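Structure first, then comments.
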Amino acid sequence: MAKITLHPGRCKGTINKNLFGHFSEHLGRCIYQGIFVGKDSPIPNVNGMRKDVVDALRNIKAPVLRWPGGCFADEYHWEDGIGPQEARKRMVNTHWGGVVEDNSFGTHEFLELCSQIGCEPYINANVGSGTIREMSEWVEYINSDGDSTVVKRRWENGRKDAWNVKFWGVGNENWGCGGNMRPEYYADEYRRYQTYCRNYGNNKLYRIACGPNVDDYRWTEVLMRNAGHYMDALTLHYYTVTEEWADKGSATEFTKEQYYKTLYKSAYMDELITKHLQIMDRYDPNHRVGLIVDEWGTWHNVEPGTNPGFLYQQNTMRDALVAAITFNIFAGHCDRVVMANIAQTVNVLQSVILTEGDQMVLTPTYHVFDLYKAHQNAKAVDCHVEAENVGVDKWQLPQITAAASENDGVITLTCANISECVHAHISVSTIGCAPGAVVGRILAGKPHDFNDFGDTKLQLLPFSDFKIENDQLKINLPPCCVAELTISKE
Ligand code: AHR
């Protein structure tokens, strides 16, 4: 029997809604076809945005969306994507698949998309191949109400009011595709670029510096030492790759060992966050600077027959468990991790949505976002799990992973049974109160199960395999599942 102990009295802080954020890049079929089809498309759309996709993102309360990249961000020149469509510059997206980028989705379209979804925009600007003036004028174009030539262009392009975008990323992966910089050099560049990103009116920018790749602790050290005072947050990128980068492994065909290896590797996020925060704490003891994991998720081999530069992969229950493990880790660090953005929203890597023509599939990962949405901006409840390890060889991890929060006196417990074959009997004690009414939802399947076009195997179902005994909630979870239990206090 596994045990979960909830301490509603011990709170680490609020679980920032932005931990359940998204990332959409000009990559493969993420923006084009996946989100934006243009006003004249036969696919139902509002101002060119797919209605089905926008509705699905609204349903999971997508709180924030990062754009335009990724590596594309440091090749993107915003002025190419404004003004009359027919006059927009064409370029070849050399980073992703060598396809023509016609810039039909630009600043106005992105901000229209965010307004349709009801989420905050997070714009990642170009440091690698851009200029300070370009970044500075992008901020001005979007946020200023002043009587300037730059703002006048916005009016001429049909937008009177400033958008007041708060989240600005200053470069992406500048240790790699964003310019192959050394941390000392990037730290200096960051200081210069952010200087000319001005606050307009009451809109105070939230300046985000490019952080480390995985375990590059030196990058964090140098950035915090040389530029920590000039940033509001530092980013971290970590992808779960089952095997080697050259041959990462299939998204849908994997052995039992690879199943556990993937889950084990996703749990490495905890160590990464802990160690990067320890470094940040030395330079920022008052915790002013937040950590943002603005790229995370599984990275498998592309689906056979698809463009290798499009990073299109299917999404199984294994990916859903990666999402649950990762969210629970974020919740455990909610006092310092302020945002996270899964890579990526539609048709790329660990997507929540897949599209094919006018069809749309909600992946198992999508349903995990749905199960976790009650945690958004809720008070984190200390959640202690005691469970046996499961796994194969050295890929062992606790059978149960969980997180809890409280809102308006109602506790939400999200928990996953990662065993691929064994039920989990869990006894939940809540210190200081007894459970009253409980309502459950579950996503359950077999590790290899996925949703395909015209074949929906996985969806959220009501869950009621629990009972209250001696003030304890006894839950019986099937193998390979993620569940949400909403517990009212008696
Ligand atoms: O998400 C795909 C790519 O992964 C992004 O463009 C880049 O930032 C990262 O290397």
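If you read the sequence from its start, that first residue is 1, and numbering goes on from there. None of these values were measured; they are calculated from a predicted model. Start at 1 and go down the list; that is how both ligands and their atoms are numbered.
The ligand atoms of ligand 1 that sit less than 4.0 angstrom from a heavy atom of Asn172 are 8 (O). Which parts of ligand 1 touch Phe23 is read off a 4.0 Å heavy-atom cut-off, strictly below it: atoms 1 (O). Distances below 4.0 Å separate heavy atoms of Gly70 from the following atoms of ligand 1: 5 (C), 6 (O), 8 (O).
Taking the six-membered ring where the residue is Trp, the centroids of Tyr283 and His229 are separated by 6.0 Å or more. Ring pair Tyr268/Tyr238: centre-to-centre distance below 6.0 Å.
Taking atom 9 (C) of ligand 1 as the reference point, the nearest protein heavy-atom neighbour is Glu295 OE1, 3.0 Å. For atom 1 (O) of ligand 1, the nearest protein heavy atom (residue, atom name, distance) is Tyr239 OH, 2.7 Å.
For the cysteines Cys114 and Cys119, the sulfur (SG) atoms lie at a distance of at least 2.5 angstrom from each other.
Here's the thing with Trp299: none of its N/O atoms is less than 3.5 angstrom from an N/O atom of ligand 1. In terms of N/O distances under 3.5 Å, ligand 1 is approached by Cys71.
Under the 3.5 Å distance criterion, the side-chain polar atoms of Arg198 are left unmatched by any main-chain donor or acceptor of Leu205. A donor-acceptor contact shorter than 3.5 Å is absent between the side chain of Asn180 and the backbone of Asn174.
Donor-acceptor pairing under 3.5 Å is recorded for the side chains of Thr220 and His276. Side-chain contact annotation: Asp335 with His287, donor-acceptor N/O pair under 3.5 Å absent.
Using a 4.0 Å cutoff on heavy atoms, Phe72 does not count as a contact of ligand 1.
Heavy atoms of Leu349 found under 4.0 angstrom from ligand 1 belong exclusively to the side chain. With a 4.0 Å cut-off on non-hydrogen atoms, Trp296 does not touch ligand 1 at all.
When the heavy-atom distances from atom 10 (O) of ligand 1 to Glu173, His237, Glu25, Gln344 are ranked, the shortest goes to Glu173.
A salt bridge between Glu243 and Lys261 is present, with a side-chain N of the basic residue lying under 4.0 Å from a carboxylate O of the acidic one.
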